[in-house]
Amino acid sequence: MATFIVLGTFTEQGIRNVKDTAKRADAFRELATSFGVTVKDMYWTLGKHDMITIVQALDDVSITALTLSLAKSGNVRTQTLRAFSQADMATVLSKVI
């Protein structure tokens, strides 16, 4: 499974309803499961992004469908980063010419 880091930023709607953010996180975990995505960790942060979520997914299509479905809620905008473990990176580097 591939690892992804999802950076989240509250929209105006999301910040107006910020007191529901923990409930929405639970709903996100359930939604992720329906896409075959596993939420490994979720953090609320200070700075440019309001949340960081670490997930594992079978493929790019699954994580993209999940984040688009999340965006439809109108509470958060996301940026998704593909993450490579040290073992993954060793495999990548073995193919570098």
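Just so you know, residue 1 is the first one in the sequence shown, and it goes up from there.
- Annotation: salt bridge (Lys or Arg N to Asp or Glu O under 4.0 Å) contacts involving residues 29-51, sequence neighbours excluded, are absent.
- Remark: L31 CG to D26 CG distance equals 12.5 Å, nearest 0.5 Å.
- In this structure, OG1 on T9 lies 13.0 Å from CG on N75, to the nearest 0.5 angstrom.
- With sequence neighbours left out, L81 forms a side-chain contact (heavy atoms from CB on, under 4.5 Å) with I5, L7, Q79.
- To the nearest 0.5 Å, the span separating OH on Y43 from CE on M51 amounts to 15.0 Å.
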Practice item. Apply the test side chain to side chain contact (heavy atoms under 4.5 Å, CB included) to residues T64 and L68: give CA-CA distance (whole Å), side-chain angles for both, the deciding distance (0.1 Å), then the verdict. Key: CA-CA 6 Å; T64 303; L68 288 172; 3.9 Å; yes

Exercise for review: Given side chain to side chain contact (heavy atoms under 4.5 Å, CB included), test V96 with L93 step by step and report yes or no.
Suggested key: CA-CA 5 Å; V96 173; L93 294 172; 4.2 Å; yes

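- Nearest approach of A83 to D88, heavy atoms of both residues: O-OD2, 4.4 Å.
- Taking the ring axis of F84 as reference, the NZ or CZ atom of R82 stays within 45° of it and closer than 6.0 Å to the ring centre.
- Note on F10: it does not cluster hydrophobically with L46, by side-chain heavy-atom contacts below 4.5 Å among ILVMFWY residues.
- Every residue meeting the salt bridge (charged side-chain N to carboxylate O under 4.0 Å, His left out) condition with D20, not counting sequence neighbours, appears here in chain and number order: K23.
- Taken to the nearest 0.5 Å, the CZ atom of F28 stands 8.0 Å off from the OG1 atom of T67.
- In this structure, the side chain of T11 engages the main chain of G74 through a donor-acceptor pair within 3.5 Å.
- Put simply, V76 and V18 are part of the same group of oily side chains (I, L, V, M, F, W, Y) that touch within less than 4.5 Å, one to the next.
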Practice item. Verify side chain to side chain contact (heavy atoms under 4.5 Å, CB included) between D60 and F4, making sure each step is shown before the conclusion. Key: CA-CA 9 Å; D60 294 348; F4 297 87; 3.4 Å; yes

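- A donor-acceptor contact under 3.5 angstrom links the side chains of D59 and S62, judged on distance only.
- When each of I63, I52, I54 is tested with V6 by the rule side chain to side chain contact (heavy atoms under 4.5 Å, CB included), just one qualifies, namely I63.
- Using a 4.5 Å heavy-atom threshold, the side chains of M42 and V55 count as separate.
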